[in-house]
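Following: one structure in structure tokens, then a few remarks.
Whatever order the structure lists them in is the order used to number ligands and atoms, beginning at 1. Residue numbers run from 1 in the order of the sequence given.
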Amino acid sequence: MAQRHSRIWIFVWSPIASAVTAAACSTGSPAAPSASPQNEAPDAATPDIPTFHRNVEPLLEAHCLKCHQPGGIAPFSLVTYNDAQSMAPAIAFETGARRMPPWGAQDTPECKPRLPWNRDERLTDVEIKTIADWSAAGAPEGDTKDAPPRRELTKIELTNPTLTLEPKTPFVASGTRDEYRCFVLESPELADGAYIGGINVVPGNRKIVHHAVVMTDPKGTFAEKAGPDGSFDCTGMSDDGTAERTLLEIWVPGSNPHELPSNIAMQLVPGAKIVMRIHYSPGGQTAQPDSTKVQLRIAKTKPEFLLSTIEIGNFIGPVDGGGLLPDPNDAEDVEFRIPANVRAHVESMQLTVAPPDDPTKAGPVYIYGVMGHEHLAGIDVKVDLERAGDSQCLLEDKWDFHWQRMYTYAVSPEALPTLAAGDKIKVRCTYDNSMFNRRLAAEYKARGLVPMDLKLGEQTLDEMCLVIPQLLRRHL
Ligand code: HEC
């Protein structure tokens, strides 16, 4: 049984530490009560009751406004007091349920990652309580003098881009169905190879651009298929493992640009082209033009570390004591099948890391980041790393197809976990294949279907179970 996906694709991307959450923490809790000079009786604006300008606005600014601003990806703005006041109960509810801001990586009884995350967007318990108390008190405005200094609204932009790539001609999507289109992006500036220090996707038509994957095409596999406009329909085009692609970026609405620190870069080898694969979703009844672009920041000097990405999982059966592991539904054969109407079906996979091809070149391999991947039925991906009796949970992602992202560790390379021959990587994928799963239910309904057994595959109604670790090696 040949295993697709047991091998490794080498791609890369990654966000880097930012001070955004740190800035929010210092303003998160209500200020301590202070004695008023005239000993007046406290009123609704006493420091005990959080107010919008003093306590809530700084939190929204740090955690919400990048999406909730006019023209942002969220359906409403939270910029002004009036905006936020009218939404106060919903804000308290969504933050209390930890659905907003979107962030999948969890600390659970089963998974306690040992390292902090970069750009951890979560609110603290104290911050969540501040918002709840503010809403419960009738969402008081407070004094505008307490407002944080007006900063420019966070824009989702790459720092100092040096090159912008775009399709030869704008594409027109049908607007009425799911389409996957691959665009081959070329530039004379990339002909001799490049070190990529930052990358960002700038979506064109937000109504239909569902997500985008940017990767290299070193052997020209994609370029061969492209028509005169440099693009082709790559719906269902499976990853046959021969392409040796490097994944540079996975973009979903709200993704941060992938900024690497100056000592880390992704390598584009000479002659390699860049391919952008866009998933267009239906945006209405009419044809929809799109011109999505990719911004790059090319590093001028050779980096100390190279970032690459491997992909582990999607095993269709057992391999060498690993691969797809048995689950309670398996009768005789071990099979990947998610039965209809089961709300917490689990499939597990395991891979033992092979020794490097060339041991003389093998320095330490650090795990820089981890990403899970499932489709619409997926609700959780848990990844463990086992070495000689020590087991650590790398990531438990409360999976949401709309908010997929790479989670990277906020420590220097030397403090990262390493990956060595003989290590076991275990992936546990959990699925809710019922109409209680709102993302999946919407898809079933749109197609006039009821839940059915799901299997491994590329289509939206197939499933996947993958972990995509991002690795760092010293650049020799
Ligand atoms: C990465 C972008 C992003 C960030 C950051 C974000 N939101 Fe949202 N928010 C959205 C989108 C998009 C929706 C629409 C529903 C969906 O797609 O899940 C939404 C929906 C909501 C809703 C309505 C939920 C519903 O379905 O009724 C509330 C309330 C909300 N957000 C509050 C917040 C608050 C408060 C913060 C910060 C603490 C925040 N959001 C941060 C993108 C974001």
Side-chain angles (χ1 to χ4, degrees), residues 15 18 20-25 27-29 50 52-53 55-105 117-136 139 148 151 153-157 200-203 206-212 250-258 279 281-283 371 376 378-379 397-407 437-443 446:
S18 98
V20 178
T21 41
C25 295
T27 50
S29 50
F52 177 74
H53 292 302
N55 309 96
V56 174
E57 195 175 2
L59 296 179
L60 301 186
E61 218 177 79
H63 295 270
C64 319
L65 299 193
K66 84 168 177 172
C67 302
H68 289 272
Q69 58 176 285
I73 65 157
F76 53 91
S77 164
L78 290 175
V79 173
T80 66
Y81 171 67
N82 285 340
D83 293 338
Q85 186 265 342
S86 62
M87 293 295 293
I91 293 171
F93 186 75
E94 294 294 314
T95 54
R98 298 184 184 276
R99 272 197 299 268
M100 287 286 149
W103 179 267
W117 300 113
N118 273 325
R119 289 197 184 218
D120 192 334
E121 287 170 8
R122 284 174 289 185
L123 294 165
T124 65
D125 291 347
V126 171
E127 291 166 343
I128 290 171
K129 184 169 183 306
T130 299
I131 292 173
D133 290 349
W134 169 72
S135 171
R151 289 193 310 221
L153 288 175
T154 322
K155 293 215 184 75
I156 305 185
E157 273 175 11
N200 188 34
V201 171
V202 184
R206 287 167 181 271
K207 255 164 90 181
I208 51 163
V209 179
H210 182 279
H211 74 266
I250 295 178
W251 178 90
V252 297
S255 286
N256 294 312
H258 296 146
H279 174 187
S281 52
M371 175 172 180
L376 298 170
I379 52 171
D397 186 350
K398 190 174 68 179
W399 178 255
D400 183 330
F401 189 70
H402 282 208
W403 298 120
Q404 43 191 299
R405 64 186 286 168
M406 177 71 74
Y407 293 92
N437 177 341
R438 64 188 177 116
R439 299 258 186 248
L440 181 63
E443 189 69 24

Nearest neighbour in protein (non-hydrogen) for atom 17 (O) of ligand 1: Trp403 CZ2, 4.1 Å
Which residue and heavy atom of the protein sit nearest atom 13 (C) of ligand 1, plus the separation: Pro75 CD, 3.4 Å
Asp120 side chain reached by Trp103 side chain, heavy atoms, under 4.5 Å: yes
Close-contact set for ligand 1 against Thr95 heavy atoms, below 4.0 Å: 35 (C), 38 (C)
Residue Lys398 excluded, over 12 heavy atoms near NZ under 6.0 Å: yes
His211 and Phe401 aromatic ring geometry - parallel, tilted or perpendicular at 30°/60° bounds: perpendicular
4.0 Å protein heavy-atom contact status of atom 9 (N) of ligand 1, strictly under: yes
Identity and separation of the nearest protein heavy atom to atom 28 (C) of ligand 1: Phe76 CZ, 3.4 Å
Test: Asp125 and Arg98 ion pair at under 4.0 Å: yes
Per-atom contact, atom 22 (C) of ligand 1, protein heavy atoms, under 4.0 angstrom: yes
Mode of Phe93 contact toward ligand 1 - side chain, backbone, both, neither (heavy atoms, under 4.0 Å): neither
Spacing of CG belonging to Asn55 relative to CD belonging to Glu127, to within rounding of 0.5 Å: 11.0 Å
2.8 Å cut-off (strict), protein N, O or S atoms about atom 8 (Fe) of ligand 1: 2
Nearest-neighbour protein heavy atom for atom 5 (C) of ligand 1, which is reported as residue plus atom name and distance: His63 O, 3.3 Å
Centroid separation His210 to His402 less than 6.0 Å: yes
Cys64 side, atom SG; Glu57 side, atom CD - distance, nearest 0.5 Å: 11.5 Å
Atom pair CG/CD1 of Leu59 and Ile131 - distance to nearest 0.5 Å: 5.0 Å
Heavy-atom side-chain proximity of His63 to Arg122 below 4.5 angstrom: no
Contacts of type ring pair (Phe, Tyr, Trp, His ring centres under 6.0 Å), residue Phe93, not counting sequence neighbours: none
Proximity to ligand 1 by part of Ile131, non-hydrogen separation under 4.0 Å: neither
Stepwise side chain to side chain contact (heavy atoms under 4.5 Å, CB included) test for Asn256 and Glu121: CA-CA 11 Å; Asn256 294 312; Glu121 287 170 8; 3.2 Å; yes
Ala90: numbered ligand 1 atoms lying under 4.0 Å from its heavy atoms: 29 (C)
